[in-house]
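Okay, so here's the structure we're looking at.
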Amino acid sequence: MTFGGRQAIRTRPLAACAAQLRSWTAGLVALVVAAYPQLALLHDPLTESEQNRYGPFGDGVTPAGAGWTAWGDLLVLPLPAAVCAAFAVLVAGRLHLSPFRDSPAQHLLAALTVPIAAHTAHLARLWAELTPEAILLTSLGVGLGCAAGVLLDLALE
């Protein structure tokens, strides 16, 4: 619609909801695209051992034949979580357009909802099986990934 030769900016609540949903949908697709290869590559090495490889913190229990060290064990949880969260936040943030992007609360809600909700759902589903170290490391990875995604989104603006 045009009024007086100018494009009308849709700022009604329905338009704000549509902008949020568009960002969440894009963030969810980005999260699935980023997480699938990592899960496909890491699932077998992480589940082929009967031992708990992530606890107690720093013991470096590694299954026989695995090619990584104790530091690899500690980094295999937070790094994929950080990469997936950063990518999802960046995609969702970039697709959250003006004028809704100008509100910091709306923009952070649009950008951060998907990775935080996905991480919360993952923790809720696997709560009984996770060690405190695994919860801490994946939460730290998601938090750092979210912060990196927001900072990258701001840098690209």
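Counting from 1, the numbers follow the sequence of the chain as shown.
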Check Gln106, Gln20, Arg22 against Phe100 for a side-chain contact (heavy atoms from CB on, under 4.5 Å) and give me the one that passes.
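The residue from Gln106, Gln20, Arg22 that satisfies side-chain contact (heavy atoms from CB on, under 4.5 Å) with Phe100 turns out to be Gln106.
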
Can you see which heavy atom on [X] is nearest to which on [Y], and at what distance?
{"X": "His96", "Y": "Ala19", "value": "CD2-O, 3.9 Å"}
{"X": "Pro37", "Y": "Val33", "value": "CD-O, 3.1 Å"}
{"X": "Cys84", "Y": "Ala35", "value": "SG-CA, 3.5 Å"}
{"X": "Phe87", "Y": "Ala34", "value": "CD2-CB, 3.8 Å"}
{"X": "Leu95", "Y": "Ala26", "value": "CD1-CB, 3.2 Å"}
{"X": "Ala30", "Y": "Ala88", "value": "CB-CA, 4.1 Å"}

Look at the side-chain heavy atoms of Ile, Leu, Val, Met, Phe, Trp and Tyr, link any pair under 4.5 Å apart, and say whether [X] and [Y] land in one connected group.
{"X": "Val142", "Y": "Leu108", "value": "no"}
{"X": "Leu109", "Y": "Leu21", "value": "yes"}
{"X": "Leu154", "Y": "Val89", "value": "yes"}
{"X": "Leu126", "Y": "Leu123", "value": "yes"}

How would you list, by chain and number, every residue that makes a ring-ring contact (aromatic ring centres under 6.0 Å, His included) with His119, sequence neighbours excluded?
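Residues passing ring-ring contact (aromatic ring centres under 6.0 Å, His included) with His119: none at all.
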
CG-OG1 distance between Leu79 and Thr138, expressed to the nearest 0.5 angstrom:
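These two atoms lie 12.5 Å from each other.
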
Does Arg101 have any salt bridge (charged side-chain N to carboxylate O under 4.0 Å, His left out) partners at least two apart in sequence or in another chain, and if so, which?
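Arg101: salt bridge (charged side-chain N to carboxylate O under 4.0 Å, His left out) contacts with Asp153, Glu157.
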
Leu14, CG atom: more than 12 neighbouring heavy atoms under 6.0 Å:
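Open.
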
Test side chain to side chain contact (heavy atoms under 4.5 Å, CB included) applied to Ile116 - qualifying residues, sequence neighbours left out
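With sequence neighbours excluded, Ile116 shows a side chain to side chain contact (heavy atoms under 4.5 Å, CB included) to Leu112, Thr120, Cys146, given in chain and number order.
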
